[in-house]
A.B. asks: 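Mind looking over this structure? Questions follow.
Proteins come first, then strands; the chains are lettered A, B, ... in the order of their sequence lines, and each starts at number 1.
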There are 4 protein chains.
Amino acid sequence: MARPRNEDRRNAILSAATRAIASQGLGAPTAVIAKEAGVSNGSLFVYFDTKAVLLNELYVALKTEMATTALAGIPAESEPREQLLQMWTQWLHWATAGPEKRRALAQLQVSDDITADSHQAVYSASSAIADLLERSRAGGPMQDAPLSFVLTLTNAIAETTIDTVIREPAEAETLIRVAFDAIWRVVAGA
Amino acid sequence: MARPRNEDRRNAILSAATRAIASQGLGAPTAVIAKEAGVSNGSLFVYFDTKAVLLNELYVALKTEMATTALAGIPAESEPREQLLQMWTQWLHWATAGPEKRRALAQLQVSDDITADSHQAVYSASSAIADLLERSRAGGPMQDAPLSFVLTLTNAIAETTIDTVIREPAEAETLIRVAFDAIWRVVAGA
Amino acid sequence: MARPRNEDRRNAILSAATRAIASQGLGAPTAVIAKEAGVSNGSLFVYFDTKAVLLNELYVALKTEMATTALAGIPAESEPREQLLQMWTQWLHWATAGPEKRRALAQLQVSDDITADSHQAVYSASSAIADLLERSRAGGPMQDAPLSFVLTLTNAIAETTIDTVIREPAEAETLIRVAFDAIWRVVAGA
Amino acid sequence: MARPRNEDRRNAILSAATRAIASQGLGAPTAVIAKEAGVSNGSLFVYFDTKAVLLNELYVALKTEMATTALAGIPAESEPREQLLQMWTQWLHWATAGPEKRRALAQLQVSDDITADSHQAVYSASSAIADLLERSRAGGPMQDAPLSFVLTLTNAIAETTIDTVIREPAEAETLIRVAFDAIWRVVAGA
DNA sequence: GATGAATGAGCTTTCATTCAT
DNA sequence: AATGAATGAAAGCTCATTCAT
């Protein structure tokens with residue numbers, strides 16, 4: 001019966017936070033985020049109880065979006081290598097298309113404000129990626145390593161590639177292909 | 001005011017900063033760092049003009065120490081693979097022996113306070129590692145990629161491995177071997 | 001906007017305010033009071049234009065209730081001492097039965113938010129008590145003092161007694177008798 | 001070897017807090033207190049860790065000063081009534097001379113920020129007053145009541161008197177005498 | 001040079017009040 | 001009338017940096 005809580009506002013705040021963190025780091029003031037979102041100082045705290053809550057929800061949202069985008073439309077019947085390639089391409093596209101998201105994520109990932117719960121939530125959302133990697137490494141040199149290791153390893157290589165692509169866009173084509181071959185060698189062997 | 005006499009004090013501050021950042025993040029107050037170093041609040045600023053300067057110098061110092069340790073005593077005449085293996089082992093040993101240094105480094109690496117100059121300085125200090133990787137990739141699938149990409153890629157894989165080893169020390173032996181094989185596949189191919 | 005229909009809601013807010021102030025002090029947020037009353041944030045301001053108005057009305061309401069209860073059923077024809085004793089007993093009963101009212105009142109009494117008008121209103125509502133004290137002191141050592149002084153003095157003694165009774169209920173019987181004798185000595189002499 | 005912490009500043013802050021609380025209540029902003037003390041916002045927190053600490057220390061300081069002043073120079077060999085009269089006079093003088101202290105104290109006394117420790121500290125500082133009341137009530141109608149009751153009762157009567165004297169200074173002489181007689185009747189009987 | 005008190009801008013968070021629904 | 005989201009002006013407190021001693 002009152003003014004309903006507005007999902008758009010919530011998203012505007014998350015989006016503004018992404019930009020603010022990308023350019024000013026995790027210390028970006030909530031006041032700056034609110035202004036960037038076109039919302040009053042106090043409204044931010046209507047949608048997120050504390051700054052730490054905002055950070056955690058942003059982290060989960062970005063990671064989830066990344067995983068969803070990377071996995072979109074992958075045909076279930078094709079070969080693991082084909083599937084991984086498509087995922088890889090889509091992943092890179094997402095990251096290079098929105099470099100601010102990538103930059104914000106890099107800061108959030110190492111922040112002490114991110115709780116174990118948030119990391120767990122992200123891990124769950126990435127289970128389809130985990131499945132794909134599981135199938136890709138079958139019979140290869142990584143078959144006995146902890147799956148979490150293979151996951152974070154792939155992630156690290158992807159992020160390094162993304163950063164390099166963002167820094168040297170001219171080499172993008174080559175880099176993306178070279179990097180995928182490298183990942184395949186890591187996960188599946190020659 | 002930035003011509004310090006006492007090298008011990010300077011080092012005590014850097015060391016305290018490592019611990020403080022590892023446990024409290026980059027937001028660790030200078031007052032806390034000073035106290036941890038057994039030095040007064042004001043003295044910190046005799047040795048480092050600003051907090052940003054301290055952070056940058058710490059970054060360079062840690063990275064340089066890491067490179068120096070990794071490269072120590074590598075016989076010039078042996079095979080690249082042998083040399084890389086030794087470097088790898090020493091690198092991992094340094095990182096797992098001092099996990100606080102590793103944690104502090106992870107935060108510093110993505111911080112906006114670290115200047116391009118500092119990144120450049122680190123890059124220069126790592127030239128011997130670059131040389132080794134240059135020799136290792138000769139004739140392999142990475143021979144045409146930018147060397148900086150190969151460097152950061154190796155770095156990323158190493159850090160992922162280190163984090164996993166710190167988290168699951170029981171698997172250390174296996175992980176270190178598996179990870180080295182992976183790196184070799186990335187850099188030199190099969 | 002301050003012409004309420006629903007008297008129950010109004011009372012619920014006053015009652016909730018009593019409890020909130022007793023436990024959190026005068027700084028108790030209006031939001032807390034509203035929730036405690038089972039009423040929405042905004043509704044509180046339909047019944048009371050500002051927080052200060054709420055505080056003042058609560059003050060007057062509590063004091064009035066206290067006076068009314070204290071004076072209930074006192075036979076007009078009995079001796080002043082008898083009347084005063086009955087009032088005293090009823091007063092103490094009211095206060096010890098609802099210690100939150102007593103606690104809230106203690107805070108309100110010294111608050112700057114309570115206007116002179118409110119104090120005046122309370123004074124008027126207490127005229128019957130004033131009359132009783134006037135009759136009680138006749139011919140005694142307080143006969144020439146300002147009546148307001150005798151009133152506040154009696155009040156202060158009562159409140160001290162109440163606080164002590166609440167803190168040490170085991171001694172209640174003794175305390176109440178001892179305190180009444182003391183008041184009588186103050187007002188009427190030996 | 002550094003700038004020493006300055007006792008005068010500390011006292012200036014306590015004194016400013018007394019004035020600010022007297023005129024604005026316990027909600028008086030620390031910024032106002034600091035400015036009133038001629039000290040920077042941050043300096044206040046060098047001397048008092050939190051606002052609550054400031055409030056508690058102010059409460060203890062004021063009560064202690066009050067007790068000390070009230071007890072000054074009382075000849076040990078004189079009669080209890082004489083001693084009590086002198087204490088009473090000095091007490092009233094202190095309170096009427098600095099009505100802001102009295103007003104601040106009234107707010108602090110009922111505040112939730114004042115800890116049990118502070119109340120205890122005050123109680124200890126008032127032990128000489130307690131002794132005097134103990135001697136005064138010997139053989140009288142209050143001899144079996146809890147001493148703490150007699151203490152707070154006396155206190156309440158004193159404060160009521162002070163408030164009335166401040167409000168109606170013309171009647172001061174009469175009031176003080178009448179009130180002392182009343183206290184004596186309360187404590188010692190006729 | 002060393003110390004730590006002093007500073008004040010800046011931060012997160014709260015809250016009385018308003019207003020769209 | 002009722003609701004609760006929206007607002008923005010504080011509030012308490014922190015902290016990098018300066019400076020008197």
A.B. asks: Report the residue (C:T50 or A:A52) whose heavy-atom-nearest nucleotide on DNA chain E is the more 5′ of the two.
C.D. replies: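 Upstream on the strand: A:A52.
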A.B. asks: Pick out the pairs of N or O atoms, protein on one side and nucleotides 8-10 of chain E on the other, that lie under 3.5 Å.
C.D. replies:
unit_1	atom_1	unit_2	atom_2	d
E:dG8	N7	D:G42	N	3.2

A.B. asks: Identify whether any heavy atom of D:Y47 sits under 4.0 Å from a base atom; if not, whether one sits that close to sugar-phosphate; answer base, sugar-phosphate or nothing.
C.D. replies: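 The residue D:Y47 makes sugar-phosphate contact but no base contact.
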A.B. asks: Could you point out which residue of B:I33, B:N56, B:L54 forms a side chain to side chain contact (heavy atoms under 4.5 Å, CB included) with B:F48?
C.D. replies: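 With B:F48 as partner, B:I33, B:N56, B:L54 yield a single side chain to side chain contact (heavy atoms under 4.5 Å, CB included), made by B:L54.
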A.B. asks: Using whole Å, report how far CG of A:L55 lies from P of E:dT12.
C.D. replies: 10 Å
A.B. asks: Which is more 5' along DNA chain F, the nucleotide nearest C:G38 or the one nearest D:V32? Just name the residue.
C.D. replies: C:G38
A.B. asks: Run B:R19 and B:S15 through side chain to side chain donor-acceptor pair (under 3.5 Å) and show every step you take.
C.D. replies: CA-CA 7 Å; B:R19 273 169 278 139; B:S15 169; 2.8 Å; yes
A.B. asks: Between D:L14 and D:R10, does the side chain to side chain contact (heavy atoms under 4.5 Å, CB included) criterion hold? Intermediate values first, please.
C.D. replies: CA-CA 6 Å; D:L14 286 171; D:R10 209 188 114 91; 4.0 Å; yes
A.B. asks: Nearest whole angstrom, please: distance from the P of E:dT13 to the CZ of A:F48.
C.D. replies: 13 Å
A.B. asks: About how many Å separate CD of C:Q109 and OH of C:Y59, when rounded to the nearest 0.5 Å?
C.D. replies: 5.0 Å
A.B. asks: Using a cut-off of less than 4.0 Å, is there contact between a side-chain N or O of A:R5 and OP1 or OP2 of F:dA5?
C.D. replies: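 Checking F:dA5 against A:R5, a side-chain N or O does come within under 4.0 Å of OP1 or OP2.
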A.B. asks: Given E:dA20, F:dT3, F:dT21, which nucleotide is nearest the side-chain atoms of A:R3?
C.D. replies: E:dA20
A.B. asks: Expressed as a whole number of angstroms, how long is the span from B:K35:NZ to E:dA2:C1'?
C.D. replies: 17 Å
A.B. asks: Just how far, in rounded Å, is P of E:dT3 from CG of D:N6?
C.D. replies: 22 Å
A.B. asks: Is the NZ or CZ atom of B:R9 both under 6.0 Å from the centre of the six-membered ring of B:Y47 and within 45° of that ring's axis?
C.D. replies: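 B:R9 over B:Y47 ring: no.
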A.B. asks: Would you say a side-chain N or O of D:R9 is under 4.0 Å from OP1 or OP2 of E:dT7?
C.D. replies: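 So the side chain of D:R9 is within the cut-off, an N or O lying under 4.0 Å from OP1 or OP2 of E:dT7.
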A.B. asks: Nearest of F:dA1, E:dA6, F:dT17 to any side-chain atom of B:F45?
C.D. replies: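 Of the options given, the side chain of B:F45 lies nearest F:dT17.
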A.B. asks: Roughly how far, to the nearest 0.5 Å, is NZ of B:K63 from CD1 of B:I114?
C.D. replies: 11.0 Å
A.B. asks: Salt bridge check, D:R102 against D:D163: does any charged N sit closer than 4.0 Å to a carboxylate O?
C.D. replies: yes
A.B. asks: What integer distance in Å separates C:I13:CD1 from E:dA16:P?
C.D. replies: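 Interatomic distance, CD1 of C:I13 to P of E:dA16: 14 Å.
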A.B. asks: Look up atom OG1 in A:T30 and atom CG in A:N41, then write down how far apart they are to the nearest 0.5 Å.
C.D. replies: 5.5 Å
A.B. asks: Please report, rounded to the nearest Å, how far the C1' atom of E:dA2 is from the CG atom of B:D8.
C.D. replies: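 My rounded result for the distance is 16 Å.
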A.B. asks: Begin from the C-alpha positions of A:T115 and A:H119 and carry the test side chain to side chain contact (heavy atoms under 4.5 Å, CB included) through to its verdict.
C.D. replies: CA-CA 7 Å; A:T115 65; A:H119 283 296; over 6 Å; no
A.B. asks: State the dot-bracket string of DNA chain F. Criteria: Watson-Crick or G-U wobble, both atom distances under 3.5 angstrom; notation: ( ) intrastrand, [ ] crossing earlier pairs, | interstrand, . unpaired.
C.D. replies: .||||||||||||||||||||
A.B. asks: Give the rounded distance in Å between these two atoms: NZ of C:K51 and C1' of F:dA10.
C.D. replies: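 One finds 14 Å between C1' of F:dA10 and NZ of C:K51, rounded.
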A.B. asks: Start at the 5' end of DNA chain F and walk down; is the nucleotide closest to D:A28 or to D:P4 reached first?
C.D. replies: D:A28
A.B. asks: Considering non-hydrogen atoms only, spot the tightest contact between D:A125 and D:A67 and give its length.
C.D. replies: O-CB, 4.1 Å
A.B. asks: For B:R10 and E:dA2, what is the distance between atoms CZ and C1' respectively, to the nearest whole Å?
C.D. replies: 18 Å
A.B. asks: DNA chain E: A:T30 or D:L44, which has the more 5' nearest nucleotide?
C.D. replies: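 Its nearest nucleotide lies further toward 5', so the answer is D:L44.
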